[in-house]
Every structure is written in C-alpha cells, then in structure tokens.
Amino acid sequence: MTATELVQAYYTAFNTGDMPAFLDLLTDDVVHHINQGERQIGKATFAAFMDKMNRCYRERLTDIVVMQNAEGTRAAAEFVVHGEYLADDEGLPPANGQTYVLPAGAFFEIKNGKVARISNYYNLNDWVAQVG
C-alpha cells in the first residue's frame, strides 16, 4: 500500500467509524501532535483520545486530497471537517449540538506501511466562533 493509499484508508476508517481498522493503521508507538495542544505517544493513548473525540464530536471529512513524497515516507492531507459538537470538551464552550464546517490539514510520517506520526491542523478560533 502506498502512503497515499494508507492515508486514504485512515480517513475511510475514520469516516465509517471503524475504530479497530483505524487503529490498526497506526504503529504501536505512533506520535500524535494535537492541534494547538500536546504531543502524545502510543496507540493506546491515541485510542483514548479518539474515545473522547467520539464522545464529544460527530465528524465527517469531505474533499480529502492526499499527497505523498517520492519515497512514500511522508504524506499530507487537506480536507473539510463537517461536525456536530455533542458533549462538553474541557476548556471549550459548552456543547448543545452546534454544527461546524472547518478546513483542516494533517501531516503523516509512514514507517513499515503504518502511520508513525500524525500532526493535525485547523483554525481553533474559527471553530470557537462557529460553536460559541
């Protein structure tokens, strides 16, 4: 599987809510750079992050464009997030089912056919303005 195919499979699993398939695409020591937040390491930590995200948000990604380097060790994606804010997330405005549409991007490092690093980026101020 190419890096582009791997990232496309990652987002397909995300969009279908198939968390076992989603997590299976990650290395055990995956590094996750959270937008405007901390750096987390490990598949179990990433799974816990996704549990919280799935409790607080319902999101679907569209207009996904994926690019990779010639070696297939790095990839980038640009997409649009269509979401619903379901439950309060610490430090953010209260949730009451607000919807949002947000452009976003991500960068990936690929090792041995799996995602070894993911860094997500979006405009948090834009999100707050939409749900606030």
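- Expressed to the nearest 0.5 Å, how far SG of Cys56 lies from CD of Glu84 amounts to 12.5 Å.
- Summarising the geometry of Ala87 relative to Ala95, their closest heavy-atom pair is C-CB, 3.4 Å, with the distance given to 0.1 Å.
- Two residues are said to be in side-chain contact when any heavy atoms from C-beta on lie closer than 4.5 Å; Tyr57 and Asp89 meet this criterion.
- Counting non-hydrogen atoms of other residues, nucleotides and ligands closer than 6.0 Å to CD of Gln36 gives a total above 12.
- Under the 4.5 Å side-chain criterion, counting only non-hydrogen atoms from C-beta, Asp88 is in contact with Pro94.
- Contact check for Tyr121 versus Pro103: no side-chain heavy atoms found under the 4.5 Å cut-off.
- A pairwise comparison of heavy atoms in Val7 and Ala75 identifies CG2-CB, 3.8 Å as the closest pair.
- Not a single donor-acceptor pair under 3.5 Å links the side chain of Asp29 to the backbone N or O of Gly42.
- Contact of the Thr2 side chain with the Gln68 side chain is registered, since non-hydrogen atoms from C-beta on lie closer than 4.5 Å.
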When you look at Phe46 and Leu23, which way does the side-chain contact (heavy atoms from CB on, under 4.5 Å) test go after all the steps?
-> CA-CA 8 Å; Phe46 194 92; Leu23 295 171; 3.8 Å; yes

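- No continuous path of hydrophobic side-chain contacts links Leu124 to Leu86 [ILVMFWY only; heavy atoms under 4.5 Å].
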Go through the steps for Asp28 and Lys114 under the test side-chain contact (heavy atoms from CB on, under 4.5 Å), then give the verdict.
-> CA-CA 9 Å; Asp28 289 337; Lys114 297 213 178 220; over 6 Å; no

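- Between His33 and Ile118, the closest side-chain pair of non-hydrogen atoms is not below 4.5 Å.
- Aromatic ring pairs are classed by plane angle as parallel below 30°, tilted from 30° to 60° and perpendicular above 60°; the pair Phe49 and His32 is perpendicular.
- With contacts defined as side-chain heavy-atom distances shorter than 4.5 Å, the pair Val80/Val101 qualifies.
- Looking only at distances, a side-chain donor or acceptor of Gln98 sits under 3.5 Å from a matching main-chain atom of Val131.
- Other residues, nucleotides and ligands contribute over 12 non-hydrogen atoms within 6.0 Å of the NZ atom of Lys52.
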Test side chain to side chain donor-acceptor pair (under 3.5 Å) applied to Arg60 and Thr62, step by step | CA-CA 7 Å; Arg60 182 179 50 82; Thr62 64; 5.0 Å; no

Using the side-chain contact (heavy atoms from CB on, under 4.5 Å) rule, take Phe108 and Val66 through it: C-alpha gap first, then chi angles, then the decisive distance, then the call.
-> CA-CA 10 Å; Phe108 298 83; Val66 181; over 6 Å; no

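- Linking Ile, Leu, Val, Met, Phe, Trp and Tyr residues whenever their side-chain heavy atoms come within less than 4.5 Å places Met53 and Leu61 in a single cluster.
- The shortest heavy-atom contact between Met1 and Ala9 is SD-CB, 4.5 Å.
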Please lay out, stage by stage, how Thr16 and Asp18 fare under the test side chain to side chain donor-acceptor pair (under 3.5 Å).
-> CA-CA 5 Å; Thr16 60; Asp18 188 345; 5.0 Å; no

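- Between Tyr100 and Tyr85, the ring centre distance reaches or exceeds 6.0 Å.
- Distance check: Asn123 CG to Leu102 CG gives 7.0 Å after rounding to the nearest 0.5 Å.
- Put simply, Met67 and Phe79 are part of two different groups of oily side chains (I, L, V, M, F, W, Y) that touch within less than 4.5 Å, one to the next.
- Without hydrogens or angle criteria, Lys43 side chain to Leu26 main chain gives a donor-acceptor distance under 3.5 Å.
- Note on residues 5-14: no pairs pass salt bridge (Lys or Arg N to Asp or Glu O under 4.0 Å), not counting sequence neighbours.
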Could you check Asn120 against Ile34 for side-chain contact (heavy atoms from CB on, under 4.5 Å), going step by step and ending with a plain yes or no?
-> CA-CA 6 Å; Asn120 288 298; Ile34 301 169; over 6 Å; no

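- You'll find the side chain of Leu25 reaches within 4.5 Å of the side chain of Leu6, heavy atoms only.
- Under the 3.5 Å distance criterion, the side-chain polar atoms of Asn54 are matched with a main-chain donor or acceptor of Met50.
- No continuous path of hydrophobic side-chain contacts links Phe107 to Tyr11 [ILVMFWY only; heavy atoms under 4.5 Å].
- Using a 4.5 Å heavy-atom threshold, the side chains of Arg74 and Ile110 count as separate.
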